[in-house]
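These notes concern the structure reproduced below.
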Amino acid sequence: MKKTAEIVVIGGGVIGTSIAYFLSKRGKKVVLVEREDLASGSSGACDIDIILQSKNPGIHLKLAMASAELYKSLSQELDFDIEYENTGGMILIEDEEQLKVMKEFVKKQKAIGLQVDLLDFKEASKLQKGLAPHLVGATYSPQDAHVNPMSLCIGFAQAAAKLGAEISLDTAIVDIKTAKGRVKSVVTNRGEIETETVVNAAGVFAPEICAMVGMSVPIKPRRGQIIVTEPVPKLVMGDVLCAKYIVAKYNPKLLEGSDDPETRLGVGLSLSQTRNGNILIGGCREFVGYNWSTTYEALTTILKHATRLVPALKEIHAIRSFAGLRPYTPDGLPLLGPVEGIEGFIMAAGHEGDGIALSPITGKIISDIILEGKTFIDIAPLSPGRFGNTEKIKAVS
Amino acid sequence: MKEEYICRCEEITREEIEKAIADGATTLSGIKKRTRAGMGLCQGRTCRRLITQMLSKVKDPAEITPPTSRPPVRAIKIGEIVEGEDD
Amino acid sequence: MNTTEIAIIGAGPAGLSCAVEAARAGVKVTVLDENLKPGGQLFKQIHKFFGSREHKAGIRGFRIGEQLLEETEKLGVEVLLNSTVYGLYEDKLIAYIKDGRDHTLKAKKIVIATGASENALAFPGCTLPGVMGAGAAQTMINVNRVLPGQKIIMVGSGNVGLIVSYQLMQAGADVVALIEAAPKIGGYGVHAAKIRRAGVPIFVSTTIKEVLGEEKVEGVITVELDEKWKPVDGTEKQFEADTVCLAVGLSPLTELAWMAGCEFTYIPALGGHVPIHDRNMETTLTGIYVAGDITGVEEASSAMEEGRLAGVACAESLGYYDEQKAAELKEEIWERLDALRTGPFGEGRFSAKLKQLNARRLLA
Amino acid sequence: MTQKTGVLYQGYPSEQELSGAPGVPSDERIKKGPVAFIECVQEIPCNPCEEACPYGAITVGKPITNLPKLDEEKCIGCGTCIAACPGLAIFMLNGSKQKAEVSFPYEYYPLPQKGDVVDCVDREGKLVVKGTVLRVVKSPRYDATAVLTVEVPMKYIKIVRSIKRLGRS
């Protein structure tokens, strides 16, 4: 039997569920289709940071600041505890060279209105105990926060369902049918759904969905690995990164071919402590394709780096590690908005390591675009076709 | 009658797990995401079989496989991992 | 990074037997075990083993452990104790902690002999101090010489439940009752008879409804079950007890096999999901073998035979035995294994292992 | 719940199970003098009793799950098999005297002394009669399994199978 929906959202991660919620809130009949379970992709294999400081000054940081605002009231709005906490965040600085880079970064961020300061070692130690004495200082922003990404997905999905959305788990997309340049229906392993609007929020699998409409997008999986500790009393003040994390994130070319494993693996500290007390110790950035393995080299390199900056971690037991794939794009910005040449096919993927921070604002933007054709900010820099990849789109009937 | 704990490490009761199944969880990872059962020190060695029995009311136990198995399979002090053999 | 020819993870009956068999063929063998003493289950098994002379029947478990240790020392097997293997990585790299430092080991062949862990049971009060696995209680009394309590309720009538009840009494405790949820006793009648004539009542079709006590176990309420295993109201009984031992089966410790990428099959009679292996005990990953309870929960006697099988197969694949010599040795071991898997108790495991071997053929 | 009888339900062999077991001697033989009484009624893979008997009076053969068969003529009641049985399922009965003598494996401490008056129990551990300890054999070959012999009234020769553990309240 043929089902119909006004909008089909593909992907049960923090992006897809947010979009489903924001559209349902505005009366749209949404069907969210997820191949496995909510948060079973990158959203279930990441850290918990909503960090603004790591965003590139410009539209990236503006989106993150807008998103941070939405987060403040989200638990109440969803009537679901997403474990949101406005903890603040720091970026540890190890040497003078890094200090120079961070001074520049902070200046640009302040210009855009981010509250962030440069602290010396003494001030930094007041905020975060157990820092290594050789550190030269740290940045600090009270606006950084964290959230439980899995609870976020479940919270968004349950709230969307209450507003009439259908959450269809264990449902794989087989094909997307188009005619005369318009989306006609979505074929899944549980039947076909007629719809005129499809939102591709499939994260690292977005290219697979795009291929169904003859489009190629430069979203590549970029593996990260995280080590989880036993629950311990409060130790980490909030989101604690290091300057190397920033460098690794925005300069992949710098990392290739280096013989120092920390550089080659794009290792950068990303420390946060869940409400339950487990500490997440990250991270790294590697282009290894669709490979979710955890590696011995990453485990030892990440932990050596982390304990060099925060020696206090040495006394704690590691109980788990995991790997996740970030949907990387060449310019570090997501692909948001309609695809030229195919009516009703909306992109919402490619958030690299910022999916958690940008989840609420992506939901708002995509719902604005679908309902009003525009949103509070010019999203041209995020256009899916900006990489010149939309010429031969399967627009034939 | 006292609470009945299925996951001892994270103190998750039978009721919480039944709710997660009712909310649509069909795998051990799905229950782990929704309740934290299996996230503790023993990484599911104690509760995995009990939860599988609960899940087997809605799913064939042969298809109920554990979440991805990851190092470390024992709780290891981080200081010992970074203290390599060559250091 | 250390290297060796065969790395065996787990120095229990399976691991040690495998080491002896392989070392006897001349192979360089390294055994890793997280405990301070090798032998796994053997050193708490103070009862005499079943089987025939070749299975070392009539000898107490811990003495078999001592014999195996002597053989490993004589044959120059490297036994790394206090060595916790925490990762088996993609390129067969073994990562372990020994004496507080991180090490890695590369081996041509890896034998995973990590055994099984005790199943838990959930009931109100199951987290009270005094509720423990029967195996744990057995370790306490026979290895650590500490009594877990005085008045003990044993849950489960398999061989573990029966034998540990007997050994708890030998250690000076009283077993107030043994309860079994199934309608009949699971373990050997001779083990049941030992505890019945020592005054231990056995209640079949009975399970725990609740364990009483605030800080620790103070009592147990049991309830009877109908044929559909549903509690029957009004059949509650209350016992005074300070300890509840759970002997409700074991599950294979398969984390390392899953991590390495071995394929599994689901066989409840063997303890659930078990790695698929062939007649050489080799898994679906060439060079990675399994032996003992990790690949099907049986008893120590079968574990030792599977260990020997893996040892011979590894030696053969490394060229230390020619095909003909290896075939002879393997045939002998298979005969001893088959002998253990006969009779009303053994044939269930025989057909289960057959199913496991067939799963390998289907994949080949 | 009515308790069904038999080893699978009560944990010890019923009368019928014993009468059918090949390891159980005839009443006549028991009257003639000491003889092994093998309460092994389940086919488990096990044969140490066969090799322990110096007189070849016990046969298991192949497969080793066969129940042990007692040749009551060859058996002289030496008791070596009692401690050899991993299942502690072999006893020695002597019905040739005024009172019955029952020998059984005993692995508890403290051990009774020769001449002690002890509480003799049946297969359910119930006290049935007081008895006197005739012998306590603790040979190294038995590897920590002591073999006790108690003297009890003849009518209990097929009932008494052990004694209450000493030093218990």
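No hydrogens, no waters, no symmetry mates; every other heavy atom, side chains included, goes into these values. By convention in this document, chain letters (A, B, ...) are assigned in the order of the sequence lines, proteins followed by strands, and residues within each chain are numbered from 1.
C/W258 has its side chain within reach of B/T65: a pair of non-hydrogen atoms, C-beta onward, lies under 4.5 Å apart.
With respect to chain C, the highest number of heavy-atom pairs below 4.5 Å among B/P72, B/A75, B/G79 belongs to B/P72. Contacts with chain B were tallied for C/A120, C/P268, C/A257, C/G87; C/A120 has the most, counting heavy-atom pairs under 4.5 Å. Counting heavy-atom pairs under 4.5 Å between each of B/R49, B/R70, B/Q43, B/Q53 and chain C puts B/R49 at the top.
Atoms OG1 and OH, on B/T52 and C/Y266 in that order, are 8.0 Å from each other to the nearest 0.5 Å. Rounding to the nearest 0.5 Å places CG of C/N119 at 11.5 Å from CZ of B/R48. The structure places OG1 of C/T84 at 7.5 Å from CZ of B/R74, a figure rounded to the nearest 0.5 Å. Note that the CG atom of C/D102 and the CD1 atom of B/I76 stand 8.5 Å from one another [nearest 0.5 Å].
Heavy atoms closer than 4.5 Å to chain B are found in the side chain of C/L253, but not in its backbone. Of the atoms belonging to C/Y89, it is side-chain heavy atoms, and not backbone ones, that fall under 4.5 Å from chain B. Using a 4.5 Å cut-off between heavy atoms, C/E34 contacts chain B through its side chain alone, with no backbone atom that close. If you measure heavy-atom distances from C/T265 to chain B, you find no contacts under 4.5 Å at all. Only the side chain of C/S251 comes within less than 4.5 Å of a heavy atom of chain B; its backbone N, CA, C and O stay farther away.
Identified under the ring-ring contact (aromatic ring centres under 6.0 Å, His included) test for residues 213-256 of chain C, with sequence neighbours left out: C/F203-C/F239.
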Set out, in order, the CA-CA distance, both residues' side-chain angles and the distance that settles side-chain contact (heavy atoms from CB on, under 4.5 Å) for C/M259 and B/V73, then state yes or no.
CA-CA 10 Å; C/M259 191 185 295; B/V73 293; 3.4 Å; yes
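One finds no salt bridge joining B/E80 and C/R101 here, because no Lys/Arg side-chain nitrogen approaches an Asp/Glu carboxylate oxygen to under 4.0 Å. Salt bridge B/R45/C/E255: present, at least one basic N to carboxylate O contact under 4.0 Å.
Taking all atoms of both residues into account, the shortest heavy-atom contact from B/Y5 to C/A122 is O-CB, 3.9 Å.
In the displayed structure, C/E236 atom CD is contacted under 6.0 Å by more than 12 heavy atoms of other residues, nucleotides or ligands. Counted within 6.0 Å of CD on C/Q238, heavy atoms from surrounding residues, nucleotides or ligands total more than 12; the atom is thus considered enclosed. Atom NZ of C/K37 sits in a sparse spot, with 12 or fewer heavy atoms from other residues, nucleotides or ligands closer than 6.0 Å.
Listed in order of number, the residues of residues 7-15 of chain B that approach chain C to under 4.5 Å between heavy atoms are B/R8, B/R14.
Remark: the backbone N or O of B/I64 is paired with a side-chain donor or acceptor of C/H273 at under 3.5 angstrom.
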